[in-house]
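When reading the values below, keep in mind they use all heavy atoms of this one structure, side chains included, and skip hydrogens, waters and symmetry mates.
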Amino acid sequence: MTTASSADHPTRRDFLYVATGSVAAVGAAFTVWPLVSQMNPDASTIAAGAPIEVDLTPIAEGQDIKVFWRGKPIYISHRTKKQIEAAQNVALASLPDPQPDSARVKAGHDQWLVVIGICTHLGCIPIAHEGAYDGFFCPCHGSVYDTSGRIRQGPAPTNLPVPPYTFVSDTKIQIG
């Protein structure tokens, strides 16, 4: 009586080895997956840094809205012609942080001003349409910004920062 060798035909023992190895590999994958997955940032963290889109249609001329991006208040101002002219006709030499209005708005969209609403002095949130220049006024220490978000008076050292944004269409912007 002869027995068949395992090299010629798989034996029952070979099947058990392969089945046990497969179950162990699947079990190891299910054990490692949650450990690797927990190292990724959670959904709220990803959402906080994600770009946001803002529809400009409901913002009337002369109105400001405030949205939040990355936890920072962002002012979006629909400036009037008078506000645009006032921002463009300022002598740059008179500004503490000289920057032309054209560098703070997108070309062809002069009516839209988008700035981060955090005072550059100590981080307070300025109030829109306040102050001597009809721009922004920081009630904490009296910094006054014009209709282009440029510092005009007070202790703030620089202009209100402009966040990265693009026009997706004529009536919609993407911040971030």
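- For the pair Thr120/Tyr145, a side-chain contact is recorded, criterion being any heavy-atom separation below 4.5 Å from C-beta on.
- Between the side chain of His78 and the backbone N or O of Ile59 there is at least one donor-acceptor pair closer than 3.5 Å.
- Put simply, CD on Gln63 and NE2 on His129 are 8.0 Å apart, with the number rounded to the nearest 0.5 Å.
- The side-chain heavy atoms of Pro161 and Val115, taken from C-beta on, include no pair separated by under 4.5 Å.
- Atom SG of residue Cys124 and atom NE2 of residue His141 lie 6.0 Å apart, to the nearest 0.5 angstrom.
- With Arg104 contributing its side chain and Ser148 its backbone, the two residues share a donor-acceptor pair below 3.5 Å.
- Salt-bridge check for Arg79 with Asp101: passed, with a basic side-chain N closer than 4.0 Å to an acidic carboxylate O.
- Salt bridge status for Asp55 with Lys172: absent, with no side-chain N to carboxylate O gap under 4.0 Å.
- Atom OG1 in Thr166 sits 10.0 Å away from atom NE2 in His109 (nearest 0.5 Å).
- Within the 3.5 Å criterion, the main-chain N or O of Leu16 finds a donor-acceptor partner in the side chain of Thr20.
- A donor-acceptor pair is defined here as one N or O able to donate and one able to accept, closer than 3.5 Å; such a pair exists between the side chain of Gln38 and the backbone of Leu35.
- To the nearest 0.5 Å, the span separating CG on Leu160 from OG on Ser143 amounts to 9.0 Å.
- When hydrophobic clusters are built by joining Ile, Leu, Val, Met, Phe, Trp and Tyr residues whose side-chain heavy atoms come closer than 4.5 Å, directly or via intermediates, Ile125 is grouped together with Val162.
- Taking hydrophobic clusters as Ile, Leu, Val, Met, Phe, Trp and Tyr residues chained together by side-chain heavy-atom distances below 4.5 Å, Trp69 shares a cluster with Val105.
- Side-chain atoms of Lys72 do not come within 3.5 Å of backbone N or O of Pro163 as any donor-acceptor pair.
- A centroid separation of less than 6.0 Å is found between the aromatic rings of Tyr75 and Phe136.
- Put simply, the side chain of Glu85 never gets that close to the backbone of Lys82: no donor and acceptor are under 3.5 Å apart.
- Distance CG/Leu56 to CD/Gln111: 9.0 Å, rounded to 0.5 Å.
- Pro139 has its side chain within reach of Ile127: a pair of non-hydrogen atoms, C-beta onward, lies under 4.5 Å apart.
- Separation of atoms CG (Asn159) and CD1 (Ile116) is listed at 12.5 Å; rounding is to 0.5 Å.
- The main-chain N or O of Ala86 is never found under 3.5 Å from a side-chain atom of Asn89 such that the two would form a donor-acceptor pair.
- Counting only N and O atoms by type, the side chains of Thr158 and Asp97 include no donor and acceptor under 3.5 Å apart.
- The closest side-chain heavy-atom distance from Ser77 to Trp112 is not below 4.5 Å.
- With Ile173 as the fixed residue, the side chain to side chain contact (heavy atoms under 4.5 Å, CB included) test singles out one of Val168, Ile76, Val67: Ile76.
- With hydrogens and angles disregarded, a donor-acceptor distance shorter than 3.5 Å links the side chain of Arg150 to the backbone of Ala87.
- Listed for the Thr147 side chain is no donor-acceptor partner under 3.5 Å among the backbone atoms of Asp134.
- His121 is not listed as a side-chain neighbour of Ile151, based on a closest heavy-atom distance of 4.5 Å or more.
- Within a 6.0 Å sphere centred on OH of Tyr17, heavy atoms belonging to other residues, nucleotides or ligands number 12 at most.
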